[in-house]
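As the structure is a prediction and not an experimental result, all values here were calculated from the model. Chain identifiers are assigned alphabetically (A, B, ...) following the order of the sequence lines, protein sequences preceding nucleic acid strands; residue numbering begins at 1 within each chain.
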Protein chains: 2
Amino acid sequence: MVISANSGLFNFSLENSIINAKKSIFKYIRNMLSKKTKYGIKALAFIAKKGDKRPVQTSEISKSENISQKFLESILLELRKSGFLGSKKGKGGGYYLIKEPEAIKMTAVIRVLEGPIAMVPCVSLNYYEKCGDCPSEEACSVHSLMIQVRDSTLKVLGDNTLADISAKK
Amino acid sequence: MVISANSGLFNFSLENSIINAKKSIFKYIRNMLSKKTKYGIKALAFIAKKGDKRPVQTSEISKSENISQKFLESILLELRKSGFLGSKKGKGGGYYLIKEPEAIKMTAVIRVLEGPIAMVPCVSLNYYEKCGDCPSEEACSVHSLMIQVRDSTLKVLGDNTLADISAKK
DNA sequence: TAATACCCTATCGGGTTAGTAGGTTATAAA
DNA sequence: TTTATAACCTACTAACCCGATAGGGTATTA
């Protein structure tokens with residue numbers, strides 16, 4: 001629906017004005033951490049927090065953490081396939097931790113769910129990819145800066161284990 | 001174009017097979033630093049590197065750094081509006097730095113071009129936004145982790161000025 | 001006054017995210 | 001053996017943004 005006034009001197013679209021106003025007021029904020037990763041970490045923390053060996057159902061996590069159950073299913077499945085979780089089918093089934101929470105670094109979790117930790121592929125350790133547009137990686141002013149950012153992030157995520165983040169109240 | 005074989009027992013789409021194969025082989029790597037920001041930083045570094053007071057043309061930066069000129073124009077315009085650059089129209093015109101490179105922190109540049117530095121809006125200092133889905137921010141296992149990441153990133157980007165990154169050969 | 005270079009608006013294709021929908025299979029309890 | 005349960009699998013989609021393009025307009029200088 002476009003409301004426009006065509007009266008000689010004036011010719012404007014009201015709809016466009018509204019859209020532009022919205023854009024300036026509600027600036028889109030990009031998530032660098034996807035919901036998938038966020039939910040995955042939360043789910044792992046939830047399971048770790050329970051402590052006992054009994055499997056935890058998707059539905060329980062879904063309700064408690066307010067996550068779409070179907071979406072969560074696909075995430076837990078991925079975590080199982082990548083060796084973080086075990087599963088048990090049927091009644092009383094669910095997902096359980098395979099390793100001790102202390103042994104699960106956040107770097108590993110994020111790399112599986114999110115992909116690279118670096119902000120730019122050309123400084124990624126595990127997902128390296130050359131920039132198509134960069135004439136020279138060495139002459140690139142962004143490159144060394146992003147390496148510094150990567151290393152500091154890596155330090156934080158490597159120091160934090162699942163035990164650390166699920167210890168929070 | 002869909003190439004499919006329908007011969008009784010078989011019914012598959014070759015195209016889909018190719019697409020799925022591509023997806024698994026060439027996993028999409030998300031850029032946390034947009035091209036816009038990357039180009040913006042490179043352009044600023046380019047101007048800083050020249051050193052003299054003469055304005056630098058968009059076309060010159062575009063060619064040297066291999067950036068779409070039209071796209072670059074919009075980025076430089078934004079940098080001018082946010083107080084990093086001044087401009088001069090007409091022949092011999094272009095963009096020039098307003099402040100000394102030593103006075104331009106990378107945090108400021110990134111916040112203008114990219115937005116928040118934090119990986120999640122709920123830990124952003126300048127672009128804070130509550131998570132719609134989180135039952136409790138304090139109980140959130142991701143929250144404190146992301147605060148640590150934010151702070152370490154902030155440290156790096158705050159320590160680096162335009163002078164630092166344009167000093168590179 | 002012609003050339004230059006900044007400035008502005010509108011539009012678009014491609015690709016991802018965050019789901020939804022609807023089923024199938026394995027397991028445990030009845 | 002049946003039935004309920006919960007994991008597992010496949011396909012699809014609306015919404016959304018990025019990066020770029022197109023086509024101008026306007027100000028300044030030689």
- Message: Just the rounded figure in Å: distance from P of dC9(D) to CD1 of Ile75(A).
- Response: 16 Å
- Item | Interatomic distance, Leu76(B) CG vs dC8(C) P [rounded to whole Å] | 13 Å
- Message: With nearest nucleotide decided by heavy atoms, which residue, Gln69(A) or Gly92(A), maps closer to the 5′ end of DNA chain C?
- Response: Gln69(A)
- Message: Measure CD/Glu114(B) against C1'/dC17(D) and give the value in whole Å, please.
- Response: 12 Å
- Message: With a cut-off of less than 4.0 Å, is there a side-chain N or O of Tyr39(A) near OP1 or OP2 of dA18(C)?
- Response: no
- Task: For Asn31(A) and for Val56(B), find the nucleotide of DNA chain C with the closest heavy atom, then tell me which residue's nucleotide is more 5'.
- Result: Val56(B)
- Whole-Å distance, Arg30(B) CZ to dG19(D) P, equals 13 Å
- Task: Give a yes or no on whether the backbone of Glu60(B) and the side-chain of Ser64(B) come within a donor-acceptor separation of less than 3.5 Å.
- Result: no
- Query: Can you check whether Ser74(A) has a side-chain N or O nearer than 4.0 Å to OP1 or OP2 of dG19(C)?
  - Reply: no
- Is the backbone N or O of Thr161(A) less than 3.5 Å from a side-chain atom of Asp164(A), with the two atoms forming a donor-acceptor pair by type? yes
- Task: Could you tell me whether Lys35(B) contacts a base, only the sugar-phosphate backbone, or nothing, with contacts defined as non-hydrogen atoms closer than 4.0 Å?
- Result: sugar-phosphate
- Task: Mark yes when over 12 heavy atoms from residues, nucleotides or ligands other than Arg30(A) sit less than 6.0 Å from its CZ; otherwise mark no.
- Result: yes
- Answer yes or no: is there a donor N or O on one side and an acceptor on the other, between the side chain of Tyr127(B) and the main chain of Arg111(B), under 3.5 Å? yes
- Query: Are any of Tyr95(A)'s side-chain N or O atoms less than 4.0 Å away from OP1 or OP2 of dC8(D)?
  - Reply: yes
- Is any side-chain N or O of Ser68(A) closer than 4.0 Å to OP1 or OP2 of dT20(C)? yes
- Message: So, does Thr58(B) get its side chain near the phosphate of dC6(C), meaning an N or O under 4.0 Å from OP1 or OP2?
- Response: yes
- Query: Salt-bridged, Lys155(A) to Asp151(A), with N to O below 4.0 Å?
  - Reply: no
- Message: Please find the pair of heavy atoms, one from Lys42(A) and one from Ser141(B), that lie closest to each other, and give the distance.
- Response: CA-OG, 3.9 Å
- Note on the structure: Rounded to whole Å, the CD-P distance (Glu73(B) to dG23(D)) equals 15 Å
- Task: Round to the nearest Å and state the distance from Phe71(B) atom CZ to dT9(C) atom C1'.
- Result: 16 Å
- Value in whole Å for how far the C1' atom of dG19(C) lies from CD of Glu65(A): 18 Å
- Task: May I ask you to evaluate whether Arg80(A) reaches the phosphate of dC8(D), defined as a side-chain N or O under 4.0 Å from OP1 or OP2?
- Result: yes
- Message: Can you identify which nucleotide, out of dC8(C), dC9(D), dT29(D), has its nearest atom closest to the Lys81(B) side chain?
- Response: dC8(C)
- Rounded to the nearest Å, what distance is computed from the CG atom of residue Leu72(B) to the C1' atom of nucleotide dC6(C)? 12 Å
- Are OP1 or OP2 of dA27(D) and a side-chain N or O of Lys88(B) less than 4.0 angstrom apart? no
- Item | 5'-most by nearest nucleotide on DNA chain D - Ile67(B) or Gln57(A) | Gln57(A)
- Message: Please compare Lys91(A) and Leu77(A) by the position of their nearest nucleotide in DNA chain D and report the one closer to 5'.
- Response: Lys91(A)
- Out of dA21(C), dA18(C), dC7(C), minimum distance to the side chain of Lys70(A) belongs to dA21(C)
